[in-house]
Amino acid sequence: MGIVSPGFQGRPRTQEPALPPGQYLTEDFPVLSAGPTPRVSLDTWEFVIAAENGSEHRWSWQELMALPQETPLVDIHCVTRWSKLGTTWQGVSLDTLLANVDTGAHFALAYSYGGYTTNLPLDDLRGGRAWVVHTFDGAPLHAEHGGPARLLVPHLYFWKSAKWVRGLRLKTMDEPGFWETAGYHDYGDPWREQRYQGD
Amino acid sequence: MATSSPPRTANRWQVGRLVERRVETPTAQTLVLEVPDWPGHLPGQHVDLRLTAPDGYQAARSYSIAGPVVNGPGGPRIEVTVQRVHDGEVSPYLIDVFGDGDPVEVRGPLGGWFIWRPEETAPVQLVAGGSGIVPLMAMIRARRATGSKAPFRLIYSVRTPGDVIYADELRRRVRDDFGLDIAYVYTREAPEGWRGEPHRIGLADVNTHGWPPDLEPLTYVCGPTAFVETVADLLVGWGHPSRRVKTERFGPTG
């Protein structure tokens, strides 16, 4: 427990659902990005998984849409402390996309249109815990929120759910991404409050 | 991209105390905090402030640092400017209840992206919406404090003249700081004698008062999401490379 702040009570909290430590609930959908929003045409859009041996697997927009679709209903948690519960998405499981990829890599670097990157252990993208999503709340994902498609990895802080995702580079060594290089935590588990390096 | 690890002290909470408060506008105040082990920071970085209730409940929020470190009798001091968030949990406490000498937990400096390094010589354009001025003011103050000659232009969008944070200081700086230009955009009510009508920021504001792309400026845009989206799109559409346009958006932090 920290130093008690004289006169601070905080919001009434009896009816609040379980949130990761340090998070508060929002009904909005805030936007946080490091630069301008990229606009990506569906005609040229592609998603590429490059394995560590140099082999590449590519999907066009039509090919992605032709894959089995899932509709995850998940809670999301931003490192800036908002959490949003019960969000609904549609997209393709990374299990589906990785199914025919021959790899022994333990890490993935997700990269985006616009130049953003973020790193994750490859295991965290498997087991029904990660998707490439293109629909939010029944409508095409707005560009501000990462449309046409973003990564969705709800068990980690939301900066790991790369917006405008373009592909994954599979790696035998961990390579920090954009925010991870700027002092944020390498893994980012909201339930362990892994916000910054050293947490 | 250069890798730099934040100083160790950035990673732990330490106790700061309120030593001074300045009213900036009817809804914004600057809090001066004495933080004994403050490791220093770059303009554009932020701090997390954490409050603890008697039952142990904690709430933390991020606030931009408004200027360089000030050396006080009890050690280093930092300034944050807090805008009241309607129905907020933390900002009303900091503005209405937090008293002189009261403790608050502080963690930082944080953020290694939305920063300006005073050794940079490229022209800088700053575009602020409302309280988005705070980290940009830190850059303007650091420019002066370090004697930087980098040419600066600020475009500052506010609802009304009464919403201008740091109004007096900005008037003084534009007179005294050679190479700093400031243009205001008023969205609801312009001052007496102002030429033009209140309006939301548009391409005409940006290309009249900003730097053209061929001067390769560094651009920092900070404000509410819709404002930042608009401005960043205008700048990229005008030809500024996305990589030179850094943005910081606020969500509803309270």
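Proteins get letters first, then strands, A, B, ... in listed order; numbering begins at 1 in each.
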K.L.:
Pull out the residues in residues 229-248 of chain B that come under 4.5 Å of chain A, heavy atom to heavy atom, sorted by number.
P.N.:
B:Glu229, B:Ala232, B:Asp233, B:Val236, B:Ser242, B:Arg243, B:Val245, B:Lys246, B:Thr247

K.L.:
What's the shortest heavy-atom distance between B:Arg249 and A:Gly35, and which atoms?
P.N.:
NH1-O, 3.3 Å

K.L.:
Under a 4.0 Å threshold between the charged nitrogen and the carboxylate oxygen, would B:Asp48 count as salt-bridged to A:Arg195?
P.N.:
no

K.L.:
Got a sec, which residues hit salt bridge (charged side-chain N to carboxylate O under 4.0 Å, His left out) with A:Glu46, two or more places apart in sequence or on another chain?
P.N.:
A:Arg58

K.L.:
For the residue pair A:Ile3 and B:Val15, what are the closest heavy atoms and their distance?
P.N.:
CG1-CG2, 3.4 Å

K.L.:
Can you confirm whether A:Asp102 is buried at CG, in the sense that more than 12 heavy atoms of other residues, nucleotides or ligands lie under 6.0 Å from that atom?
P.N.:
no

K.L.:
Restricting to non-hydrogen atoms, name the atom on B:Glu89 and the atom on A:Arg11 that form the minimum distance, rounded to 0.1 Å.
P.N.:
OE2-N, 2.7 Å

K.L.:
Take atom CZ in B:Arg22; do more than 12 heavy atoms of anything else shown fall under 6.0 Å from it?
P.N.:
yes

K.L.:
Listed by residue number, which members of residues 36-44 of chain A have a heavy atom under 4.5 Å from any heavy atom of chain B?
P.N.:
A:Pro36, A:Thr37, A:Arg39

K.L.:
In terms of relative ring orientation, are A:Phe8 and B:Tyr57 parallel, tilted or perpendicular, with 30° and 60° separating the classes?
P.N.:
parallel

K.L.:
Counting heavy atoms not belonging to B:Glu216, are there more than 12 under 6.0 Å from its CD?
P.N.:
no

K.L.:
If you take all heavy atoms of A:Pro6 and B:Val97, which pair is closest and at what distance?
P.N.:
O-CG1, 4.0 Å

K.L.:
Given a strict heavy-atom distance threshold of 4.5 Å, which part of B:Asp96 is in contact with chain A: side chain, backbone, both, or neither?
P.N.:
neither

K.L.:
Quick check: closest heavy atoms across B:Ser62 and A:Arg81, and the distance to 0.1 Å?
P.N.:
OG-NH1, 3.9 Å

K.L.:
Applying the side chain to side chain contact (heavy atoms under 4.5 Å, CB included) test to A:Ser5, which of B:Leu51, B:Leu49, B:Val90 qualifies?
P.N.:
B:Leu51

K.L.:
Against chain A, label B:Tyr93 side chain, backbone, both or neither, depending on which of its atoms sit under 4.5 Å from a heavy atom there.
P.N.:
side chain

K.L.:
Between A:Asp199 and B:Arg12, is there a salt bridge with N-O shorter than 4.0 Å?
P.N.:
no

K.L.:
What parts of residues 86-100 of chain A touch chain B if we use heavy atoms and a cut-off under 4.5 Å?
P.N.:
none

K.L.:
Report yes or no: does B:Trp113 contribute a side-chain atom to a donor-acceptor pair with the main-chain N or O of A:Ala34 at less than 3.5 Å?
P.N.:
yes

